There are 2 protein chains.
Amino acid sequence: MWSTRLLVLGLVRWLGPVHGYLVRRELDSWRMPGVGEIGAGSIYHALKKLTTDGLIEVVATESVDDRPARTTYRITVTGESEFQRLVREKLWNVAQADDPFHTAWSFANVLGKNENTAMLRRRAEILYSRIEAVTVLLASTTGECAPGREEEFLPPHVRAMLKRQTDLMVVDAEWCETTAARIESGELDLGAVPSPVENENRREAIRTDDFQNPAVEQWQSTFK
Amino acid sequence: MWSTRLLVLGLVRWLGPVHGYLVRRELDSWRMPGVGEIGAGSIYHALKKLTTDGLIEVVATESVDDRPARTTYRITVTGESEFQRLVREKLWNVAQADDPFHTAWSFANVLGKNENTAMLRRRAEILYSRIEAVTVLLASTTGECAPGREEEFLPPHVRAMLKRQTDLMVVDAEWCETTAARIESGELDLGAVPSPVENENRREAIRTDDFQNPAVEQWQSTFK
DNA sequence: ATGTTTATAGTCAAATTTGAACAAGGAACC
DNA sequence: GGTTCCTTGTTCAAATTTGACTATAAACAT
């Protein structure tokens with residue numbers, strides 16, 4: 001994932017003077033699906049890189065209570081403006097999520113009709129169970145931070161994002177079920193993938209026809 | 001992205017004896033948002049790795065028409081079963097898509113109310129324009145491959161996946177608009193992020209209270 | 001008492017990804 | 001007739017990521 005820079009810079013900024021282990025813990029505690037997980041090594045690497053780039057600086061290297069020495073960092077003025085730039089870049093730029101299911105689906109035809117419908121239905125079930133879990137989470141927490149009720153607090157922006165996740169999972173699950181039904185009924189035939197040879201012919205035909213479907217280009221250009 | 005192996009192996013399998021450049025071209029022609037893009041170098045690296053792993057084998061290294069020499073590969077028997085395993089692994093395992101917007105949203109509070117609503121509304125607009133483009137694409141193509149109409153053909157499984165994409169984009173866009181409205185009305189206050197100190201206190205409170213909200217654990221466990 | 005996890009804190013080699021560079025033929029342009 | 005750009009095909013150094021490993025103290029079990 002390429003958001004490592006933003007994540008680590010943002011966490012150093014937010015957590016004030018921190019050492020790598022705290023950043024790691026904080027990220028682990030987020031463990032938000034959708035926010036790619038970052039290995040321990042990547043965090044320390046990012047901290048060093050950000051330091052040589054002048055975006056953060058070493059505050060001190062010291063050991064407390066005979067524990068292993070730790071280096072604490074804080075954000076610099078340059079880092080602050082780079083952070084502002086990065087957040088805006090990532091938020092304004094509408095990038096497509098990188099979906100492993102999408103990639104694998106390209107080869108879904110190797111599963112037979114039965115395995116495919118089974119797979120899609122199980123996927124839908126799992127999605128529904130996750131939706132349920134998030135719903136429970138949202139119901140058992142609040143967006144207000146009341147003293148004495150700290151464990152019930154979930155920041156409003158996190159709650160909003162969780163709502164988005166469930167909305168997305170609902171349509172995804174529905175798509176899985178609809179698609180399973182379509183495959184079962186024979187309406188959708190995944191086996192109808194052109195063989196490489198057919199595909200080559202098709203490609204050749206398109207090329208020599210000197211005619212590309214304009215909708216394809218139109219569509220691809222919206223992602224530039 | 002960690003689907004490189006599957007993608008390259010699958011393409012070598014599908015395209016029969018191929019050289020790296022063809023794989024590259026095929027992937028470029030897909031240029032499906034959601035299927036992570038793979039750099040040229042990664043393809044050649046994957047081909048070499050797959051070869052040393054015995055999943056594919058070199059057919060020949062030759063140069064045609066005085067063009068640069070090229071090495072062609074084809075899948076092996078071991079490769080075929082590994083491919084079958086990989087496809088199933090990726091399809092059955094319900095992994096969360098890695099969403100850059102989600103990551104950046106964690107820091108959305110640095111944008112003010114105005115910039116935030118503007119950002120969300122522009123995002124919605126862009127999503128709608130993409131939905132429109134895909135809709136046009138689906139309408140101007142068919143799932144049947146008729147000779148003489150090759151440029152109108154779009155494989156059924158691709159059409160199905162595009163439908164999923166639009167469904168997802170529709171909810172995403174709606175969420176953006178709803179959220180923009182909630183921010184504007186003051187109902188949703190992104191500035192209400194606990195300061196690091198508050199957060200530390202909260203964390204401390206939770207730890208010493210020896211009480212974790214069970215819903216959090218419940219929720220996280222569904223992603224294991 | 002003694003062995004075994006667990007939490008803290010970070011390093012390092014190996015694997016992977018990126019993207020520019022290289023090389024050479026052909027088409028387009030002026 | 002020369003310059004520039006595009007397509008074909010691949011390589012390579014540098015950047016990044018992974019995840020297993022080191023080390024120590026406290027907590028816990030036997």
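The chains referred to below are lettered A, B, ... by the order of the sequence lines, with proteins before strands, and numbering in each begins at 1. Predicted model only: the values in this text are computed from it and were never measured.
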If you compare every side-chain N and O of [X] against the phosphate oxygens of [N] (OP1, OP2), does one of them come in below 4.0 Å?
| X | N | value |
| --- | --- | --- |
| B/Lys48 | C/dT16 | no |
| B/Arg70 | D/dT8 | no |
| A/Lys49 | D/dA15 | no |
| B/Tyr44 | D/dT11 | no |

Starting at [atom1] of [X] and ending at [atom2] of [N], how long is that distance when rounded to a whole Å?
| X | N | atom1 | atom2 | value |
| --- | --- | --- | --- | --- |
| A/His19 | C/dT11 | NE2 | C1' | 17 Å |
| B/Arg5 | C/dT17 | CZ | P | 10 Å |
| B/Leu27 | D/dG9 | CG | C1' | 16 Å |
| B/Ile43 | D/dT11 | CD1 | P | 13 Å |
| A/Tyr73 | C/dA9 | OH | P | 14 Å |
| B/Ile38 | C/dA15 | CD1 | P | 19 Å |
| B/Asp98 | D/dT17 | CG | C1' | 13 Å |
| A/Leu9 | D/dT16 | CG | P | 14 Å |

Consider the side chain of [X], meaning its heavy atoms from C-beta on, and name the nucleotide among [options] that approaches it most closely.
| X | options | value |
| --- | --- | --- |
| A/Ser42 | D/dT17, C/dT17, D/dG9 | D/dT17 |
| A/His45 | D/dT10, C/dG10, D/dT17 | D/dT17 |
| A/Thr4 | D/dT17, C/dT11, C/dT8 | D/dT17 |
| A/Tyr21 | D/dT8, C/dG10, D/dT18 | C/dG10 |
| A/Thr71 | C/dG10, D/dT17, C/dT16 | C/dG10 |

Regarding [X], tell me which of base, sugar-phosphate or nothing describes its non-hydrogen contacts under 4.0 Å with the strands shown.
| X | answer |
| --- | --- |
| B/Gly41 | base |
| B/Arg24 | base |
| B/Gly39 | sugar-phosphate |

I'd like to know if A/Asp167 and A/Arg164 make a salt bridge, using a cut-off of under 4.0 Å between side-chain N and carboxylate O.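 Looking at A/Arg164 together with A/Asp167, the answer is no, because their closest N to O distance does not fall below 4.0 Å.
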Answer with yes or no whether the side chains of B/Trp30 and B/Glu37 bring together a donor and an acceptor at under 3.5 Å.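 Short answer, no.
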For the residue pair A/Arg130 and A/Thr166, confirm or rule out a side-chain donor-acceptor distance under 3.5 Å.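 A/Thr166 and A/Arg130 do not have a side-chain donor-acceptor pair below 3.5 Å.
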Starting at the 5' end of DNA chain C and moving along, which residue's nearest nucleotide shows up first, B/Ala46 or A/Gly20?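 On the 5' side of the pair lies A/Gly20.
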Between B/Thr76 (side chain only) and B/Leu55 (backbone N and O only), is there a donor and an acceptor less than 3.5 Å apart?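 Yes, B/Thr76 side chain to B/Leu55 backbone: donor-acceptor pair under 3.5 Å.
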Look only at the side chain of A/Arg159 and the backbone of A/Leu138, and say whether a donor-acceptor pair between them is shorter than 3.5 Å.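 Indeed, once roles are kept as given, a pair shorter than 3.5 Å links the two residues.
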Answer yes or no for A/Arg70 and A/Tyr21: cation-pi contact, defined as NZ/CZ to six-membered ring centre under 6.0 Å and angle to ring axis within 45°.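 Checked: cation-pi criterion not met.
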